[in-house]
Amino acid sequence: MIFLLITVFTGIALFEVPRLIRKKYWRELGVFAFFLLAAFMLTMLQTLGIRFPPLLKVLAYVFKDLLHLSYKS
């Protein structure tokens, strides 16, 4: 399963990166690489069976506790 995961993400990179380089879209290449690596890491963690907290709880913690932001409804 890990081999398939690496193969798919490598295929995506080999398909998209040359086009971005050829057109000299350097910022887009950076953003693409960031999101591709983030997706790869999250998928790898999930494949290995490592659990991580739900995204909504993480965002609530960041906005409420770290940034001291709240909203009134």
Side-chain angles (χ1 to χ4, degrees):
M1 188 64 162
I2 294 174
F3 177 73
L4 179 62
L5 179 69
I6 293 170
T7 303
V8 168
F9 275 90
T10 303
I12 292 170
L14 289 175
F15 182 74
E16 291 293 331
V17 170
R19 186 177 321 155
L20 291 172
I21 292 173
R22 197 174 325 116
K23 292 183 178 183
K24 297 182 181 177
Y25 290 159
W26 304 117
R27 291 183 185 139
E28 289 82 356
L29 179 62
V31 172
F32 175 78
F34 172 77
F35 282 115
L36 187 69
L37 289 174
F40 177 73
M41 288 189 303
L42 289 174
T43 308
M44 182 64 78
L45 288 173
Q46 188 175 16
T47 301
L48 295 174
I50 299 172
R51 296 181 54 100
F52 42 92
L55 184 60
L56 187 58
K57 288 185 180 181
V58 172
L59 289 175
Y61 172 75
V62 168
F63 286 116
K64 186 177 178 185
D65 297 334
L66 292 180
L67 298 177
H68 303 293
L69 297 176
S70 62
Y71 63 91
K72 296 178 183 179
S73 54

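No experiment lies behind these values; they were computed from the predicted model shown.
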Inset, instruction - Take atom CD of Gln46 as the centre, draw a 6.0 Å sphere, and report whether it contains more than 12 heavy atoms from other residues, nucleotides or ligands. - result: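 Open.
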Inset, instruction - Quick one: closest heavy-atom pair of Ala13 and Pro18, and the distance? - result: O-CD, 3.8 Å
Inset, instruction - Mind listing the closest non-hydrogen atom pair of Leu36 and Ile12 along with its distance? - result: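 Closest approach of Leu36 to Ile12, heavy atoms only: CD1-CG2, 4.0 Å.
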Output the distance between atom [atom1] ([X]) and atom [atom2] ([Y]), rounded to the nearest 0.5 Å.
X     : Y     : atom1 : atom2 : result
Leu45 : Ile50 : CG    : CD1   : 5.0 Å
Ile2  : Met44 : CD1   : CE    : 5.5 Å
Met1  : Thr43 : CE    : OG1   : 9.5 Å

Inset, instruction - List for me each residue that meets ring pair (Phe, Tyr, Trp, His ring centres under 6.0 Å) alongside Phe32, sequence neighbours excluded, and say none if there are none. - result: none
Does [X] share a hydrophobic cluster with [Y], counting links as ILVMFWY side-chain heavy atoms below 4.5 Å and allowing steps through other members?
X     : Y     : answer
Phe9  : Leu37 : no
Val58 : Leu56 : no
Ile6  : Phe3  : no
Val8  : Leu5  : yes
Phe40 : Val17 : yes

Legend entry - Stacked cation flag Arg19 on Phe15, 6.0 angstrom / 45 deg: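 Yes.
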